Amino acid sequence: MSDPLLARLDPPDVGKDLTPRVVDTFATTRGPLGEVLVARSAEGVTYVRPVDDDADHTGFRAEYRRRLGRPLLPDDGPVPAIDARTRVDLRACSPFERDVLDVTASIPAGQTRPYGWVAREVGRPAAVRAVGTVLARNPVPLIVPCHRVTKADGSLGRYMLGEAAKARLLAAEGADLGRLAAFTTAGVVLIGSDTTGIACLPSCHHARRITDAHRVPFRSAAAAREAGYRGCRVCRPGV
DNA sequence: CAGACGGCGTAAG
DNA sequence: TCTTACGCCGTCT
């Protein structure tokens with residue numbers, strides 16, 4: 001009985017609620033920005049989108065079928081909460097897409113990282129634009145926090161639900177958008193501490209602890225490097 | 001299979 | 001400083 005398919009189809013509580021094990025199902029629930037449609041397989045949440053106007057959600061289901069290749073049935077059962085702990089099922093994604101989503105999921109709440117940072121973290125430093133493409137199609141927004149990925153200059157950049165939504169989500173997580181915007185305006189991309197010789201991304205937990213007297217702004221990773229700084233091991237700014 | 005298409009980055013003007 | 005042009009690269013058609 002080691003066959004994984006049989007194992008999935010023959011759990012101890014067969015008969016109670018078989019449907020979700022055989023087909024993917026969806027329901028509506030409340031997310032941080034309002035009502036969302038949440039689809040899931042037996043493995044986890046597969047797809048999240050804001051509710052559409054259509055009562056049957058035919059558009060959502062058609063899109064699901066096109067992208068996931070499986071039909072989707074309504075389910076009134078309990079819906080998993082939409083947060084960072086929600087188990088997701090990304091089997092429909094390519095390895096590159098999974099890597100991008102995994103790295104994105106590692107960005108702490110209230111912090112931001114550039115698209116280029118994600119590209120570097122997945123080992124494809126030149127695939128910056130492809131990272132954007134992946135995140136634009138993120139199957140599980142709000143769970144995998146693609147709203148925490150910004151442009152290299154710290155400006156928010158685009159978001160599948162609109163840039164305003166991106167700002168709202170970040171603000172709700174405690175990001176100091178005014179502070180980040182000030183750095184962007186000043187062309188500051190990295191913050192160093194002249195006591196440690198370490199440079200951080202502006203939203204890094206450690207960058208926030210540098211006192212005014214010791215804060216050294218940098219306009220590029222190269223500038224920080226030339227000044228003899230090394231990159232923070234936590235936010236890995238690529239210095 | 002070739003070509004188009006992007007939630008980007010950055011040099012150049 | 002602010003635009004614009006162009007390179008980059010994984011997907012989709």
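Note that this is a predicted model, so its numbers are computed, not measured. Just so we're on the same page: letters track the sequence lines, and every chain starts at 1.
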Now, which nucleotide makes the Watson-Crick or G-U wobble pair with B:dG7, with each of the two distances under 3.5 Å?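 Its partner: none found.
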If you only use heavy atoms from C-beta on, which nucleotide in [options] is closest to the side chain of [X]?
{"X": "A:Leu135", "options": "C:dG10, B:dG7, C:dT1", "value": "B:dG7"}
{"X": "A:Phe96", "options": "B:dC8, B:dG7, C:dG10", "value": "C:dG10"}
{"X": "A:Asn138", "options": "C:dC8, B:dG9, B:dG7", "value": "B:dG7"}
{"X": "A:Val128", "options": "B:dG7, C:dC8, B:dG9", "value": "B:dG9"}
{"X": "A:Ala152", "options": "B:dG7, C:dG10, B:dG9", "value": "B:dG9"}
{"X": "A:Arg124", "options": "C:dG10, B:dG7, C:dT11", "value": "C:dG10"}

Salt bridge check: are A:Arg158 and A:Glu163 linked by an N-O gap of less than 4.0 Å?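 Here A:Arg158 does not pair with A:Glu163 in a salt bridge, since their nearest N and O are not under 4.0 Å apart.
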Taking atom [atom2] of [N] as reference, at what distance in whole Å does atom [atom1] of [X] sit?
{"X": "A:Glu97", "N": "B:dG7", "atom1": "CD", "atom2": "P", "result": "14 Å"}
{"X": "A:Lys151", "N": "C:dC2", "atom1": "NZ", "atom2": "P", "result": "13 Å"}
{"X": "A:Asp99", "N": "C:dG10", "atom1": "CG", "atom2": "C1'", "result": "12 Å"}
{"X": "A:Arg67", "N": "C:dC12", "atom1": "CZ", "atom2": "P", "result": "8 Å"}
{"X": "A:Tyr159", "N": "B:dC8", "atom1": "OH", "atom2": "C1'", "result": "18 Å"}
{"X": "A:Asp153", "N": "C:dC2", "atom1": "CG", "atom2": "P", "result": "10 Å"}
{"X": "A:Leu101", "N": "C:dT11", "atom1": "CG", "atom2": "C1'", "result": "14 Å"}
{"X": "A:Leu169", "N": "B:dG7", "atom1": "CG", "atom2": "C1'", "result": "14 Å"}

Is the distance from OP1 or OP2 of B:dC8 to the nearest side-chain N or O of A:Arg120 less than 4.0 Å?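 It does not, given that no N or O in the side chain of A:Arg120 lies less than 4.0 Å from OP1 or OP2 of B:dC8.
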When you check the phosphate oxygens OP1 and OP2 of B:dG7, does a side-chain N or O of A:Arg129 lie under 4.0 Å from one of them?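 Checking B:dG7 against A:Arg129, no side-chain N or O comes under 4.0 Å of OP1 or OP2.
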Base, sugar-phosphate, or nothing for [X], non-hydrogen atoms under 4.0 angstrom?
{"X": "A:Tyr115", "value": "base"}
{"X": "A:Arg98", "value": "nothing"}
{"X": "A:Val134", "value": "nothing"}

Counting only heavy atoms not in A:Asp56 (residues, nucleotides, ligands), do more than 12 fall under 6.0 Å from its CG?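 Correct, the count exceeds 12.
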With no hydrogens and no angle check, do the side chains of [X] and [Y] hold a donor and an acceptor under 3.5 Å apart?
{"X": "A:Arg148", "Y": "A:Ser203", "value": "no"}
{"X": "A:Tyr64", "Y": "A:Thr46", "value": "yes"}
{"X": "A:Ser155", "Y": "A:Asp153", "value": "yes"}

Does the side chain of A:Arg40 reach to within under 4.5 Å of the side chain of A:Asp75, using non-hydrogen atoms?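 Touching, per the 4.5 Å side-chain cut-off.
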Please compare A:Thr185 and A:Ser94 by the position of their nearest nucleotide in DNA chain C and report the one closer to 5'.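 Taking each residue's closest nucleotide, the earlier one in sequence belongs to A:Thr185.
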